[in-house]
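Data first, discussion second: the structure below is written as structure tokens.
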Amino acid sequence: MKRSCYCGELGVDDVGREVVLEGWVNRRRDHGGVTFVDLRDREGLVQVVFSPEVDSSVHEKAKEIRDEYVLRVRGTVTRRPPGTENPKLRTGEVEVVAREVEVLNASRTLPFKLDNPEVTEEVRLKYRFLDLRRPEMQKIMRFRYRAAMATREYLDSLGFIDVETPFLTKSTPEGARDYLVPSRVNPGKFYALPQSPQLFKQILMVAGFDRYYQIVKCFRDEDLRADRQPEFTQIDLEMSFVEREDVMEVVEGIMRTLFRLIDVELPEKFPVISYQEAMLKYGIDRPDTRFGMFIQDISRLFESTEFIPFKETLRKGGTIRGFKAPGGAVFSRKELDNWGKRALEFGAKGLISIKVTDQGLQSNLLKYLSLGEVEGLKEAFEVQEGDAVFLVADEGPIAAETLGRLRLEVAQALGLVPEDAYAPLWVVDFPLLEWDKDEHRYVAVHHPFTSPMDEDLPLLDTDPLKVRAKAYDVVLNGQEIGGGSIRIHKKDIQKKIFELLHIGEEEARIKFGFLLDALEYGAPPHGGIALGFDRVIAILTKAESIREVIAFPKTQKAQCLMTGAPSSVAEAQLKELRLKLTVSPDKN
RNA sequence: GGGGUCGUAGCUCAGCCCGGUUAGAGCGCCGGCCUGUCACGUCGGAGGUCGUGGGUUCAAGUCCCAUCGGCCCCGCCA
């Protein structure tokens, strides 16, 4: 007996058909006389009726059936008696009258009911095989697959080809902590799992493939977050003979393709904002542009202020910035105090809040300000009754970060973040380098293979921190969902960057010798990007964390609750790898 | 490495502030009854190392300390 169709596909057109169904028992309702079983497979549910009038032995057999038993049922599709249709079920107009039933497997009592949406994530992850059986999870996994397919089809149509790159590769300095894999045949040596296929895709460009892509796992041994897993999936691509705009166009196409899957039409071109402007207006390099509340620099208003804290801040080269929270006057005294505390946590020395009431502006600050300054404030923020204004006087970067975070939390608290809006944008003109205080050297903001802007090349010798990179990030609703750059394709520039990063010639030769070699054999100009596939899927499915869109995710302690990984290994395995532990794995 | 929060029946939670009978509820589970339910109904029943270890106390689910684990965040994440 072979399955003839899926449960969830049956309808009135099938009335009269004899079918063979295989699936799980979603629920059993035993009325003593007649027993109903909702049978579920990946396509949905259908009600199966076990009636003593049809076959008493089949009806008897139905008594032993429990939740999540696996059944094979042969029966006849019939129209339900008038008045017993179930409009909540896609198959609710029909039912299958069982003529033969076989229990293919029993099931223990479940640790949780599959349709209970309240189960904790911990329990779900431990019994992930049951959790994934839930229609919601099946839907997400299928969506993820469709998104991957759509990406492949789109990139294929543009002439990209998928080339696999190694997972057992070489540890790269810079960037995240590597996951290491010991090499048995090379005792004492290790592979690293790739943080990204970065160098390989550049090599593929040198090799003349012109357009490469891969939907590929990447590994980074860093602490986890709702949007960060130690292994995650990227849509990775690289193109030859291109400028930044060419890469952007491809990414915009991918994003539009993906969002059409949820019937959202993204703009043809995404807005572009410079890193500098993003930091000023939003206080963050991945602005959420679904709502306004721009940060403004109002330092000029207070050039000759008598208010000592402002005066001092400005004298030391700091700034006075703030934003208006529309409707923020609803915040109570206590709530405003709490925002002040948040500002302290974010690193500012303080927060000034101003309410706009029918009596005019209301704040401790006002008595210290001149009439002109008060008027200037009103004008700068175009305040209306019911608004609140938050100000920070501090060093530029601190003011930016504090206000940037506050802006997000305040908007959330006031319900000003539209849930169904999607606001993609590009952030460009990142600095190439930043100074690392601890390591006492420059480090790459993006990565060491990112090309400097042509016009900034002379600054490499005079003022490296001023050099801008040909780098770009895609940001969506305040989340960084991808980043890339035009790469260095000339050996002399690459060498110079390594020098600035304090990667010596010898070290560079050992670590990136193959890349430097490749750059000497006719490397074309090239660039690319990687998109965080899990993050995009999470946004598309409105998931709270990327764990919801990964079949087998890890907990914050980077453990798999289902398999128990990571775990200790046999002494013999360690010996074979010539490894000695300095710690007992059971402790810590 | 740090801050916050949670951990009590199979699941979700109440009890903890303010220590004191036999630790409760809903759902699930088991058994009986029930021929049109679909969150079936109904009657009865079973089920607990209160995360773990230590301490305070005549007495600890409740107070204190440590520790383990889930989640959120900071640091970290080229």
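Throughout, a chain's letter reflects where its sequence line sits, starting with A, and its residues are numbered from 1.
Residue R124(A) is classed as having no contact, given no heavy-atom separation below 4.0 Å to the nucleic acid. No engagement by V443(A) is indicated, since no non-hydrogen atom pair under 4.0 Å with the nucleic acid exists.
The separation of rG41(B) from rC27(B), taken at their P atoms, amounts to 9 Å, rounded to a whole angstrom. Spacing of C1' atoms, rC11(B) relative to rG19(B), comes out at 29 Å, to the nearest Å. As rounded to the nearest Å, rG47(B) and rU22(B) have C1' atoms that lie 16 Å from one another. With P as the reference atom, rA25(B) and rC40(B) are 22 Å apart, rounded to whole Å. When the C1' atom is used for both rG7(B) and rC16(B), the distance is 13 Å, rounded to whole Å. Of the P atoms belonging to rA39(B) and rG31(B), the separation is 23 Å, rounded to the nearest Å. Spacing between rC17(B) and rG1(B) at atom P, rounded to whole Å, works out to 32 Å. Rounded to a whole angstrom, the distance from the C1' atom of rU37(B) to that of rU21(B) is 44 Å.
Looking at H31(A), its side chain never comes within 3.5 Å of a backbone N or O of G33(A) through a donor-acceptor pair. At least one donor-acceptor pair closer than 3.5 Å links the side chain of E222(A) to the backbone N or O of R177(A).
Base pairing analysis places rG26(B) opposite rC11(B); the two distances defining the Watson-Crick or G-U wobble pair are each below 3.5 Å. The partner of rU67(B), taking Watson-Crick or G-U wobble pairs whose two distances both stay under 3.5 Å, is rG51(B). Within the shown strands, nothing qualifies as a pairing partner of rG19(B) under the Watson-Crick or G-U definition with both distances less than 3.5 Å.
Residue side chain D223(A) reaches the base of rG75(B) through a donor-acceptor N/O pair under 3.5 Å, judged by distance alone. For rG75(B), the base has a donor-acceptor partner in the side chain of R225(A) [N/O atoms by modelled type, under 3.5 angstrom].
Protein atom CD of Q556(A) is 12 Å distant from nucleotide atom C1' of rU5(B), rounded to whole Å. Taking atom CG on N26(A) and atom P on rG28(B), their separation rounds to 14 Å, with Å as the unit. Atom CZ of R342(A) and atom P of rC73(B) are 11 Å apart (whole Å). Between the CZ atom of R547(A) and the P atom of rG70(B) there is a distance of 10 Å, rounded to whole Å. One interatomic measurement links the two molecules: CZ of R228(A) to C1' of rC76(B), which rounds to 7 Å at whole-angstrom precision. If you measure from atom CD of E409(A) to atom P of rC73(B), you get 11 Å, rounded to the nearest angstrom. If you take CZ of R535(A) and P of rC77(B), they are 14 Å apart, rounded to a whole angstrom. A straight line from CD of Q195(A) to C1' of rC76(B) spans 12 Å, rounded to a whole angstrom.
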(message) Each nucleotide in nucleotides 7-15 of chain B should get exactly one letter: B, S or -. Can you fill that in based on protein heavy atoms under 4.0 Å?
(response) ---SSSS--
(request) If a protein heavy atom is under 4.0 Å from the base, mark B; if only from the sugar-phosphate, S; if neither, -; do that for nucleotides 34-50 of chain B going 5' to 3'. (result) BBBBBSB----------
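Judged purely by distance below 3.5 Å, without hydrogens or angles, the side chains of T541(A) and E548(A) never pair a donor atom with an acceptor atom. Judged purely by distance below 3.5 Å, without hydrogens or angles, the side chains of Q234(A) and R535(A) never pair a donor atom with an acceptor atom. Side chain to side chain, N86(A) and Q47(A) fail the donor-acceptor criterion of an N or O pair below 3.5 Å.
Sequence order on RNA chain B of the closest nucleotides to D67(A) and E222(A) puts D67(A) first from the 5' end.
Among residues two or more places apart in sequence or in another chain, the salt bridge (charged side-chain N to carboxylate O under 4.0 Å, His left out) test is passed with K490(A) by none. Residues passing the salt bridge (charged side-chain N to carboxylate O under 4.0 Å, His left out) test with R487(A), sequence neighbours excluded: E238(A).
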For residues 49-58 of chain A, run the donor-acceptor check on the side chains, cut-off 3.5 Å, and write out each pair with its distance to 0.1 Å, sequence neighbours left out.
{"residue": "S51(A)", "atom": "OG", "partner": "E53(A)", "partner atom": "N", "Å": "3.2"}
{"residue": "D55(A)", "atom": "OD1", "partner": "S57(A)", "partner atom": "N", "Å": "2.9"}
{"residue": "D55(A)", "atom": "OD1", "partner": "S57(A)", "partner atom": "OG", "Å": "2.9"}
{"residue": "D55(A)", "atom": "OD1", "partner": "V58(A)", "partner atom": "N", "Å": "3.2"}

Please tabulate, for the side chains in residues 493-502 of chain A, all donor-acceptor contacts under 3.5 angstrom to protein atoms that are two or more places apart in sequence or on a different chain.
{"residue": "Q494(A)", "atom": "NE2", "partner": "P448(A)", "partner atom": "O", "Å": "2.9"}
{"residue": "K496(A)", "atom": "NZ", "partner": "D461(A)", "partner atom": "OD1", "Å": "3.2"}
{"residue": "K496(A)", "atom": "NZ", "partner": "D461(A)", "partner atom": "OD2", "Å": "3.3"}

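Shown here for R547(A) and P553(A), the closest heavy-atom pair between the two residues is O-CG, 3.6 Å.
Taking only side-chain nitrogens and oxygens, R220(A) never comes nearer than 4.0 Å to OP1 or OP2 of rC76(B).
Distance from the side chain of R177(A) is smallest to rC76(B) among rC74(B), rG70(B), rC76(B).
For the side chain to side chain contact (heavy atoms under 4.5 Å, CB included) with M239(A), the lone residue among I529(A), V247(A), I486(A) that qualifies is V247(A).
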